[in-house]
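Working notes, structure below.
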Amino acid sequence: IIETWGAMNVNTVTSGPFNSNTYSDKRLQNLYYGSDMITAGLTPGNITNLEWNFNSATVATFNNMTVRIGFVSNAVTNLAAGFQSPVFTTVYSGNFTTPGATGWFNFTLPIPVTWNGSDNIIIETCWDNASAGSADVALLGMNTAYTASALFRQNGAGSICANASNATSVARPGIRLTVLNPGTQVGNTIVSKVAYLGPLQDVPFYDVTGRILARVKNLTSFDYGCTT
């Protein structure tokens, strides 16, 4: 399932990752509600792709950039208190050059991350240039009714990827996610089970972890009784 949500009608610069005009370093977190994802049509499963919608064809390079995805309880409804510290999965690490074209840009996750269908999602970016650039690269986004972004930025030496936030915003970039539903998990450990298999009866067999091993259906009126 590939979905995006929200009316992307603003350029996100302060609340977007690529804000290099007058700044050499930036750390940013953007919060997305799990409930909004469900409304948009996403289902619990493995997130395999993250996309941003570029609204600028400016080419700029952001050194030592990391993009990370983390999950927080749906009780975390804003970033007014600053950066959150969930367990993050790194989606991208290295020097990143913007595509130089408008439209969606895709990150394929090196390892899919599992979303439980309830938690809110935080996208964190951080980069460290030697000096400030001369232009911002805007992503399309939206204003929200809550503090959706927390950030720290500076024009100076040294990485700030461990710094606390010093600013917030109600805006955030729009994103598009690809989520694969893992479906029914199939077991691979044989266990013994006795089940009654009567006429036209359908009996599933599971392993000790609850994963399905087999499904046996009696297509006749014969009563097999207790079956192993």
Side-chain angles (χ1 to χ4, degrees), residues 2-21 23 25-42 44 47 49-56 62 65-92 96 98 102-107 109 113 115-127 136-154 160-179:
I2 303 175
E3 289 290 347
T4 185
W5 61 94
M8 290 183 288
N9 52 13
V10 299
N11 282 326
T12 57
V13 176
T14 298
S15 59
F18 305 117
N19 181 199
S20 63
N21 185 17
Y23 297 103
D25 311 277
K26 186 173 186 178
R27 181 186 181 191
L28 171 74
Q29 287 186 358
N30 303 120
L31 176 68
Y32 301 86
Y33 284 178
S35 57
D36 290 340
M37 296 165 61
I38 292 292
T39 300
L42 290 171
I47 299 174
N49 297 76
L50 163 69
E51 297 177 63
W52 282 321
N53 196 352
F54 280 82
N55 199 37
S56 170
F62 298 84
M65 189 175 90
T66 56
V67 183
R68 306 196 297 169
I69 295 179
F71 302 99
V72 293
S73 163
N74 55 23
V76 179
T77 58
N78 64 73
L79 297 180
F83 292 141
Q84 298 294 304
S85 301
V87 175
F88 280 107
T89 297
T90 299
V91 176
Y92 179 89
F96 178 77
T98 56
T102 59
W104 290 101
F105 181 87
N106 173 66
F107 288 97
L109 276 61
V113 294
W115 175 56
N116 62 13
S118 173
D119 285 349
N120 294 338
I121 292 181
I122 289 180
I123 309 295
E124 178 178 288
T125 54
C126 189
W127 46 267
D136 295 322
V137 183
L139 301 179
L140 278 175
M142 69 284 293
N143 290 315
T144 68
Y146 55 92
T147 304
S149 301
L151 58 130
F152 182 94
R153 53 190 178 174
Q154 71 169 14
I160 46 80
C161 292
N163 285 42
S165 61
N166 63 0
T168 59
S169 174
V170 298
R172 69 180 182 203
I175 61 172
R176 189 158 66 182
L177 298 175
T178 302
V179 181

TODO: Side-chain contact test, heavy atoms from C-beta onward, threshold under 4.5 Å: evaluate it for N166 versus Q154 and give yes or no.
DONE: no

TODO: Apply side-chain contact (heavy atoms from CB on, under 4.5 Å) to S20 and list each qualifying residue two or more places apart in sequence or on a separate chain.
DONE: F62, W127

Open item on the list: Y146: which residues meet the ring-ring contact (aromatic ring centres under 6.0 Å, His included) condition with it, sequence neighbours left out?
Closed with: Y33

Open item on the list: Is any side-chain heavy atom of T12 closer than 4.5 Å to one of W52?
Closed with: no

TODO: Any chance you could measure T168, atom OG1, to L151, atom CG, to the nearest 0.5 Å?
DONE: 7.5 Å

- [ ] Work out which heavy atom in G174 is nearest to a heavy atom in W104; give both atom names and the distance.
- [x] O-CZ3, 4.3 Å

Open item on the list: Would you compute the distance between atom OG1 of T89 and atom CG of L109 and round it to the nearest 0.5 angstrom?
Closed with: 7.5 Å

Task: Separation between SG of C161 and CG of L28, rounded to the nearest 0.5 Å - done: 11.5 Å

Task: All side chain to side chain donor-acceptor pair (under 3.5 Å) counterparts of D136, not counting sequence neighbours - done: N19

Open item on the list: Do I121 and L177 make a side-chain contact, defined as non-hydrogen atoms from C-beta onward lying under 4.5 Å apart?
Closed with: yes

Task: Interatomic distance, F152 atom CZ to N163 atom CG [nearest 0.5 angstrom] - done: 4.5 Å

Task: Reported CG-to-CD1 distance for the pair N30 and I175, which is rounded to 0.5 angstrom - done: 8.5 Å

Task: L139 CG to N53 CG distance, which is reported to the nearest 0.5 Å - done: 8.0 Å

Sequence neighbours excluded and cut-off under 3.5 Å, please list the side-chain donor-acceptor pairs for residues 69-86, or say none.
from	atom 1	to	atom 2	distance (Å)
S73	OG	A75	N	3.0
N74	ND2	S118	OG	3.0
N78	OD1	A80	N	2.9

Task: By ring-ring contact (aromatic ring centres under 6.0 Å, His included) - contacts of F96 (at least two apart) - done: F18, Y92, F105, F107

Task: Contacts of type salt bridge (charged side-chain N to carboxylate O under 4.0 Å, His left out), residue R68, not counting sequence neighbours - done: E124

TODO: Without swapping roles, check the side chain of T144 against the backbone of V170 for a donor-acceptor pair under 3.5 Å.
DONE: yes

